[in-house]
Amino acid sequence: MNKIIEAINEAVGEAQRRAADAASVADLEQIRIDYLGRNGLFPELSRQMGSVPPEERKDTGRAFNAGREAIQKAMDDADKKLNAGKSKEFTGIDVTLPGRAPRTGHRHPISQLADECVAIFSRLGFTAMEGPELEDIYHNFDALNTPADHPSRDMQDTFYLTDGRILRSQTSPVQIRVMESHEPPVRIAAPGRVFRRDTPDATHGMNFHQIEGLYIDRNVSLADLKSVLQYFAREMFGKDVKIRLRPHFFPFTEPSVEYDFSCVVCGGKGCNVCKNSGWIEIAGAGMVDPNVLKNVGYDPEVWSGYAFGLGIERLAMLRNHIPDLRLLYDNDVRFLQQF
């Protein structure tokens with residue numbers, strides 16, 4: 001008998017004893033949280049299934065399902081026992097009791113995280129700005145120094161409309177529109193929904209959310225960019241998280257970097273989430289290319305700046321240990337009400 005089956009059997013016996021002794025609905029709810037809740041024993045055992053030898057997985061899976069059912073049955077039986085002791089003599093309505101407020105919903109986890117990102121950057125002096133989701137090619141590509149033969153312009157990558165407009169593939173056009181209408185210095189954060197022709201899977205979707213940052217001023221350096229990203233990482237994932245910058249290429253920044261956070265699951269030691277590297281790739285950044293500054297009428301000899309972008313779904317998956325991006329959009333209330 002493997003360790004997971006032993007843990008299941010021990011948990012079932014303990015849960016059954018606790019259910020038999022439960023004196024209130026709150027006691028039963030605590031049992032559910034301890035064993036079946038999102039951070040309970042059985043979800044933890046489920047994450048350990050990958051370490052079970054192949055020849056033992058079938059028996060382990062059966063024991064896992066049987067254990068869950070046994071615990072649920074014990075709680076159902078205890079709940080019936082508790083309800084059986086309640087008086088059923090009075091069946092009318094007590095008009096002196098206060099009314100029952102209807103259950104209300106709450107903000108979607110993506111909206112919650114986007115608001116948190118904006119709040120973090122606002123503490124650094126960034127102002128939240130938004131732009132249209134239907135964009136023209138100039139603001140989405142040309143003004144951002146994207147060459148005509150760049151793969152992102154292909155119909156296989158971007159949604160084109162019959163009137164010549166597109167569904168924006170990034171929130172960077174917001175940066176262009178702000179710079180066109182504002183004199184420097186500029187310091188903005190641009191959250192929003194974007195669209196790309198990706199095949200939906202556990203880590204990709206055809207529409208997702210980004211938040212981008214832009215800072216234009218005199219004598220802005222890559223060190224300023226790194227300090228902002230480090231501050232954001234610590235505010236989002238805790239004071240122990242680290243970042244690193246790796247050389248990369250983006251048409252609208254020069255130099256360009258990709259930046260990684262130290263793995264928030266294993267603390268940088270190496271695990272399946274970070275592919276045993278200790279680092280998780282987050283997004284891209286860099287110093288704004290002089291050509292982009294010229295396109296909006298800024299003098300690159302006077303002004304400089306940095307830009308960065310993050311995927312909000314990516315942050316949500318890391319923050320809440322969500323294994324599949326599609327869970328955020330299946331509209332399953334049982335999943336969403338956990339956040």
Legend entry - Sidechain N-carboxylate O distance under 4.0 Å for Arg32, Asp79: no
Inset, instruction - Kindly work out whether a path of hydrophobic side-chain contacts (I/L/V/M/F/W/Y, heavy atoms less than 4.5 Å apart) joins Leu310 to Leu222. - result: yes
Inset, instruction - Assign the ring pair Phe42 / Phe64 to parallel, tilted or perpendicular, where the plane angle (0 to 90°) is split at 30° and 60°. - result: tilted
Inset, instruction - Would you mind checking if Glu44 and Arg47 are paired as a salt bridge, meaning a charged N to carboxylate O distance below 4.0 Å? - result: yes
Inset, instruction - Output all residues satisfying salt bridge (charged side-chain N to carboxylate O under 4.0 Å, His left out) with Arg107, sequence neighbours left out; order by chain, then residue number. - result: Asp115
Legend entry - Arg153/Asp142 ion pair, N-O < 4.0 Å: yes
Legend entry - Salt bridge Glu301-Lys294, side-chain N to carboxylate O under 4.0 Å: no
Legend entry - Asp21 with Arg17: basic N within carboxylate O range, under 4.0 Å: no
Legend entry - Stepwise ring pair (Phe, Tyr, Trp, His ring centres under 6.0 Å) check, Phe308 with Phe121: CA-CA 12 Å; Phe308 59 85; Phe121 289 124; 5.2 Å; yes
Inset, instruction - Using a strict cut-off of less than 4.0 Å between a Lys/Arg side-chain nitrogen and an Asp/Glu carboxylate oxygen, indicate whether Arg177 and Glu135 qualify as a salt bridge. - result: yes
Inset, instruction - Can you sort out the partners of Asp163 under side-chain contact (heavy atoms from CB on, under 4.5 Å), two or more places apart, ordered by chain and number? - result: Leu161, Arg165
Inset, instruction - For the residue pair Tyr298 and Trp303, categorise the inter-ring angle as parallel (less than 30°), tilted (30 to 60°) or perpendicular (more than 60°). - result: tilted
Legend entry - Basic-acidic side-chain contact under 4.0 Å: Glu281, Arg314: no
Inset, instruction - Kindly work out whether a path of hydrophobic side-chain contacts (I/L/V/M/F/W/Y, heavy atoms less than 4.5 Å apart) joins Phe195 to Leu325. - result: no
Legend entry - Student check: side-chain heavy atoms of Trp279 and Lys242 closer than 4.5 Å: yes
Legend entry - Closest contact, heavy atoms only, Phe252 versus Asn145: CA-CB, 4.5 Å
Inset, instruction - Please determine if Arg38 forms a cation-pi arrangement with Phe339, meaning its NZ or CZ atom is less than 6.0 Å from the six-membered ring centre and no more than 45° off the ring axis. - result: yes
Inset, instruction - Classify the ring geometry between Phe232 and Phe261 as parallel (under 30°), tilted (30 to 60°) or perpendicular (over 60°). - result: tilted
Legend entry - Pair Arg18 + Asp34: basic N to acidic O under 4.0 Å: yes
